[in-house]
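Notes for the one structure printed next.
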Amino acid sequence: MVRVVPDVAAITRTFDYLVPEQWRDGVEVGGIVRVDLHGRRVRAWVVEADPEPAAGVELKALTGFTGVGPASELVDLTVWAAWRWAGRRRPLLVAASPPGRVTSLPAPPPLRPRSATVGPGPTVTAALTHPRAVLRLAPAADRYPLVAAAVASLPDDRDALVLCPSVDQARTLAARLRRSGVAVAAVAQDRPGAAATGEWARAAAGGCVVVGARAAAWAPVPRLGRVIVLDEHDAAYQEQSAPTWHARDVAVERARRAGAPALVVSPCPTLEALAWGTLEAPGRSEERRGWPALDIVDRRDEDPTAGLLSAPLAALLRRAGRVVCVVNRTGRSRLSACATCRELVTCTECADGAMAQPAEGVLRCTRCGAERPVVCASCGATRFRVLRPGVSRLRDELAALVGEEVDEVTGSSAARPESRVVIGTEAALHRVTSAEAVAFLDIDQELMSTRERAGEQALALLVRAARLVRGRETHGRVLVQTRDPDHVVLQAALHADPDRVRAAEAETRQRHGLGPYWAHAIVSGEAAGAFMAALGRPDGLEVQGGSGRWRIRAASHEELCDALAAVERPAGRLRIEVDPLRA
DNA sequence: CGGACAAGCTGA
DNA sequence: CAGCTTGTCCGG
């Protein structure tokens with residue numbers, strides 16, 4: 001007999017089935033089977049073998065054995081993660097399963113003695129000796145020697161799991177390791193298919209270094225000897241849909257359970273990481289070399305209605321080669337005023353939303369989505385002054401300024417930009433592969449963001465820019481236009497000293513009761529009210545909000561997650577976001 | 001989730 | 001009251 005979790009979204013229970021004689025050998029914990037459930041055939045995971053049988057239920061037999069699934073340690077890890085992120089187990093089991101059907105594992109590659117690589121440097125060497133290490137490396141520093149050294153230092157019968165924030169980076173790293181003769185399973189694939197399934201099976205067979213992106217936190221690594229998380233600060237590591245698990249935290253817990261050392265790496269380590277492990281960082285001068293020069297353009301003395309194209313920016317655009325300009329606002333304008341009567345352009349439907357101009361000739365309310373033509377509601381004039389220009393508008397202004405084509409890159413535009421000067425949202429920093437300079441036209445938008453972790457996220461953006469332009473030795477430049485030149489994030493980037501942000505963030509987060517000092521969850525969705533009623537007010541939990549959305553705070557994840565887990569999930573749509581990214 | 005089954009509605 | 005729609009329940 002086995003206990004299974006059916007692959008059906010709304011079902012949170014387990015069910016017991018008899019195992020027919022012919023599959024007795026193949027069916028074990030983690031195995032993927034087919035079962036008859038209420039008149040349908042569905043996929044299911046075996047999560048327990050020979051459980052205590054429930055009384056008075058007539059058991060049915062499994063109707064099929066599909067193949068290999070997550071190893072039993074990972075099945076156990078889904079129990080932990082479902083508790084830690086207060087969610088269902090099914091999405092976690094999906095993440096830990098092969099993308100296609102795996103009926104047998106390939107032979108593992110022959111054991112190759114690992115040889116020490118030369119010169120990882122004393123900082124890396126030190127980081128590799130701690131069971132829980134945080135390694136701070138400047139943005140332009142190459143992380144490959146670190147990964148190579150970590151792989152070389154593995155015992156012959158152990159493998160490493162290496163996580164990168166994006167599929168692209170994972171594939172590049174995997175290719176580089178392969179070229180130097182390391183057996184690699186690259187579980188980061190654009191789409192599931194035969195290739196992805198094959199890599200999963202190779203990883204499950206053992207004898208490979210497993211490299212991948214977020215989902216690879218759940219990849220099979222039967223002989224886990226080390227976990228490495230590159231760019232640990234990257235927000236891409238957190239799953240967007242509930243349960244909102246974080247790949248760093250999953251990977252680190254996995255390492256702990258396997259008794260393997262874990263190493264997280266970042267130019268700007270998060271407070272969560274710093275609270276968890278021992279920090280190693282190179283000396284000041286070495287770290288400084290890996291940060292580009294930062295030009296801070298102080299806009300405090302400018303007329304507030306002046307455009308975003310300052311004289312220092314114009315000079316940079318004339319002088320430098322490829323320049324990427326970043327402003328995190330799509331469309332033509334986010335806020336306008338009538339050029340005639342000076343009235344702000346607001347929504348006539350909901351009365352308090354600002355009207356954005358997503359494209360020429362149309363206004364759309366940022367609050368309620370209502371649209372109307374570009375006509376002033378109070379005087380009827382059709383000429384507006386743009387107060388908060390977006391990418392499209394600035395593209396035209398930039399093209400006029402430099403007298404050449406300027407390509408626009410946003411999340412929705414697909415092609416690689418070809419022009420010398422490029423403007424876009426944050427997406428431009430991902431789409432362009434190298435540049436001589438990056439200019440943030442309105443960095444205050446990031447600095448003043450109400451997002452939780454806003455400071456860290458703004459620094460992460462500067463790190464991205466720094467990666468594009470490389471260190472100061474290659475004359476890379478990053479320019480920021482701001483009305484807050486003394487902001488700690490800018491000062492940290494200016495002095496190549498991310499510790500300043502850590503100190504400031506620690507102080508504000510303690511003061512505001514945020515993570516990692518407190519654990520938070522946001523409960524929303526149509527069944528949120530029923531959930532909150534069932535939760536009640538347990539000791540140690542603070543509850544704020546109402547009308548469909550609640551925020552819960554506790555002094556630790558243990559308290560928070562235990563309380564959330566004690567509530568029986570009501571029927572209906574419910575989203576519980578533990579460690580929310582947005583305030 | 002989605003099949004089963006019951007209850008509700010319509011038209012002859 | 002057959003034939004169909006709509007709603008609620010529950011799975012081994």
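A quick note: this is a predicted structure, and the numbers were derived from the prediction, not measured. A note on names: the letters A, B, ... follow the listed sequences, proteins ahead of strands, and every chain is numbered from 1.
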Inset, instruction - Identify whether any heavy atom of A:I11 sits under 4.0 Å from a base atom; if not, whether one sits that close to sugar-phosphate; answer base, sugar-phosphate or nothing. - result: base
Legend entry - Between B:dA4 (C1') and A:L37 (CG): distance, integer Å: 13 Å
Legend entry - Rounded distance (Å) that lies between atom P of C:dG11 and atom OH of A:Y17: 11 Å
Inset, instruction - Indicate the ring-plane relationship of A:H246 and A:Y237, choosing parallel, tilted or perpendicular according to the 30° and 60° boundaries. - result: tilted
Inset, instruction - Using only heavy-atom distances, determine whether the side chains of A:D562 and A:W83 contain a donor-acceptor pair under 3.5 Å. - result: yes
Inset, instruction - Round to the nearest Å and state the distance from A:D7 atom CG to C:dG11 atom C1'. - result: 15 Å
Legend entry - Ion pair check, A:R223 and A:D159, cut-off under 4.0 Å: yes
Legend entry - Nearest-Å distance for atom pair CZ/P, residues A:R34 and B:dC1: 18 Å
Legend entry - d(CZ, A:R3; P, C:dG11) in whole Å: 15 Å
Inset, instruction - Would you indicate whether the side-chain heavy atoms of A:V47 and A:V4 approach each other to under 4.5 Å? - result: no
Legend entry - Interatomic distance where CG belongs to A:L59 and P belongs to C:dG11 [whole Å]: 14 Å
Legend entry - Protein-nucleotide distance (A:D36, atom CG; C:dG12, atom P), rounded to Å: 8 Å
Inset, instruction - Round to the nearest Å and state the distance from A:H38 atom NE2 to C:dC9 atom C1'. - result: 7 Å
Legend entry - A:R13 vs C:dC10: side-chain N/O to OP1/OP2 distance below 4.0 Å: no
Inset, instruction - Identify which nucleotide among B:dG3, C:dG12, B:dC1 has an atom closest to any side-chain atom of A:D16, counting heavy atoms from C-beta outward. - result: C:dG12
